[in-house]
Novice: 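Here's a structure for you.
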Protein chains: 2
Amino acid sequence: MNKDPLKNYVQSLVPLTDDEADAFVAPFEERRVKKKQFIVQPGFTNRHRAFVLEGAFRSYAVTPDGQEHTLQFAIENWWVSDFNSYIYQHPATLFIVALEDSTLLQITRVQEEALKASSHTFETVFRIMAEKGLAFEHRRLLINLSHDAEARYENFLLNFPNFVQRVPQYALASYLGMTTEYLSRIRNRRTRQES
Amino acid sequence: MNKDPLKNYVQSLVPLTDDEADAFVAPFEERRVKKKQFIVQPGFTNRHRAFVLEGAFRSYAVTPDGQEHTLQFAIENWWVSDFNSYIYQHPATLFIVALEDSTLLQITRVQEEALKASSHTFETVFRIMAEKGLAFEHRRLLINLSHDAEARYENFLLNFPNFVQRVPQYALASYLGMTTEYLSRIRNRRTRQES
DNA sequence: CAGCCCCAATGAACCAGGTCAAGAAAAACC
DNA sequence: GGTTTTTCTTGACCTGGTTCATTGGGGCTG
């Protein structure tokens with residue numbers, strides 16, 4: 001079981017000794033997930049925080065009228081969870097599904113608490129992760145509020161070019177807050193203009 | 001200078017001894033701000049994290065075409081900052097303005113780092129603040145993606161009834177992602193139906 | 001307490017983006 | 001490798017929300 005990507009990720013946030021890094025990743029367990037398999041579903045509490053070693057995920061909500069709204073994509077070196085469910089340990093409202101055959105490193109909330117309690121430095125790691133996540137969501141919110149559909153798509157292309165090929169278009173559309181049909185038209189407009 | 005509200009706030013996140021609570025709030029300085037005064041402006045780095053003792057604030061971005069987009073409101077017991085500017089210490093993109101004569105408790109980024117370094121427990125405080133903030137923004141994002149204008153307004157009324165009377169309607173509209181005119185129509189529709 | 005200015009309300013025309021339906025094109029499956 | 005299922009595209013039409021312009025209140029400020 002190769003935990004190096006997670007070690008490298010943590011080291012990029014906070015410098016750790018080799019021993020510290022080993023201690024940090026120790027409670028994480030590998031989990032393999034097949035494409036289309038769900039790792040979180042509404043009604044069940046999301047007990048793990050998961051780091052993607054390989055593959056791709058999508059978290060989304062389904063409204064009463066059946067529409068899907070994508071909150072997050074995650075590929076290698078990203079985290080996935082229904083964050084509200086995970087930190088408050090109450091039932092999830094989101095689905096999280098594998099978009100490809102994938103491998104995760106996951107930790108339970110209880111183990112995470114132990115990790116944070118065991119070391120000031122580990123507490124710092126989680127603090128920084130949350131702060132960066134929060135800063136990220138502020139940027140996303142602002143883009144959503146201030147840009148029209150086409151500009152949001154352009155922005156996504158620019159910031160996450162490596163996601164575009166790996167996520168289905170209807171999922172991307174629902175992440176960007178528009179319909180599949182409209183995203184299709186935007187793409188069409190653009191590729192026609194380019195030539 | 002009364003730092004009790006901040007002490008109580010911190011204690012509500014993590015239990016602290018009186019001495020610890022005193023140490024935590026020590027580096028915070030009081031600042032009084034008049035209505036319409038700016039505490040953050042684009043181009044200048046946001047050097048402080050501020051806790052509202054009294055009054056109300058609004059953070060917003062202005063797009064090239066002159067439209068304003070409100071990211072956050074803050075009243076008593078809330079924090080305000082251009083979070084991206086504050087944590088990365090690079091120039092702000094937001095304005096933050098006082099909606100009323102207000103009093104803040106503010107700490108610089110450097111002092112905050114010292115506070116976190118001095119105590120595992122204080123690090124935990126900031127970790128929890130960031131996590132709760134992140135969970136909050138996830139909920140907001142989902143509402144923005146999945147609800148139409150009227151439902152977003154209803155939702156705001158329900159969750160933040162005490163903000164409604166204190167923020168100008170054009171600011172609320174831009175927070176909810178609609179025009180002032182449309183919010184006015186929604187309110188009108190609703191009050192007519194109620195009677 | 002008059003005057004001004006900012007803010008909310010309202011109407012009419014307009015448009016970005018959604019909806020519905022029906023094919024085309026990929027994947028997935030056996 | 002053919003068939004079934006899922007995703008993407010395209011067209012015609014529709015609507016929630018915007019834009020622009022005007023009028024009517026408050027509430028500061030002198």
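Bear in mind that the values here come from a model prediction, so they are computed numbers and not experimental data. Below, chains carry the letters A, B, ... as their sequence lines are ordered, and counting in each starts from 1.
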Novice: How many whole angstroms separate atom CD of A:Q169 from atom P of C:dA26?
Specialist: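 So the two atoms are 13 Å apart, to the nearest Å.
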Novice: If the sugar-phosphate is the primed atoms plus P, OP1 and OP2 and the base is the rest, what is the B/S/- string for nucleotides 14-30 of chain D, using protein heavy atoms under 4.0 Å?
Specialist: --SBBBB----------
Novice: Within a 6.0 Å radius of atom CZ on B:F136, are there more than 12 heavy atoms belonging to other residues, nucleotides or ligands?
Specialist: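 Counting neighbours around CZ of B:F136, more than 12 heavy atoms of other residues, nucleotides or ligands fall under 6.0 Å, so yes.
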Novice: When you measure from the centre of the six-membered ring of A:F160, is the NZ or CZ of A:R166 under 6.0 Å away and within 45° of the axis?
Specialist: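 No cation-pi geometry.
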Novice: Check the angle between the aromatic planes of A:F163 and A:W78 and answer parallel, tilted or perpendicular using the 30° and 60° thresholds.
Specialist: perpendicular
Novice: A:R166 CZ to C:dA27 C1': how many Å, rounded?
Specialist: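 Rounded to the whole Å, the gap is 17 Å.
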Novice: Classify the angle between the aromatic ring planes of A:F28 and A:W79 as parallel (below 30°), tilted (30 to 60°) or perpendicular (above 60°).
Specialist: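 Geometry flag for A:W79 against A:F28: tilted rings.
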Novice: Atom CG of B:L99 and atom P of C:dC7: how far apart are they, to the nearest Å?
Specialist: 10 Å
Novice: Using the side-chain heavy atoms of A:N188, tell me which of these nucleotides is nearest: C:dT10, D:dT9, D:dT6.
Specialist: D:dT9
Novice: What residues form a side-chain contact (heavy atoms from CB on, under 4.5 Å) with A:K35, not counting sequence neighbours?
Specialist: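 For A:K35 the side-chain contact (heavy atoms from CB on, under 4.5 Å) partners, ignoring immediate neighbours, are A:D101.
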Novice: Count the heavy atoms of every other residue, nucleotide or ligand shown that sit under 6.0 Å from CD of A:E29, and state whether that count exceeds 12.
Specialist: no
Novice: Over how many whole Å does the gap from A:Q165 atom CD to D:dC8 atom P extend?
Specialist: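 Value for this atom pair: 13 Å.
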Novice: Rounded to whole Å, please give me the gap between OH in B:Y170 and P in C:dC5.
Specialist: 17 Å
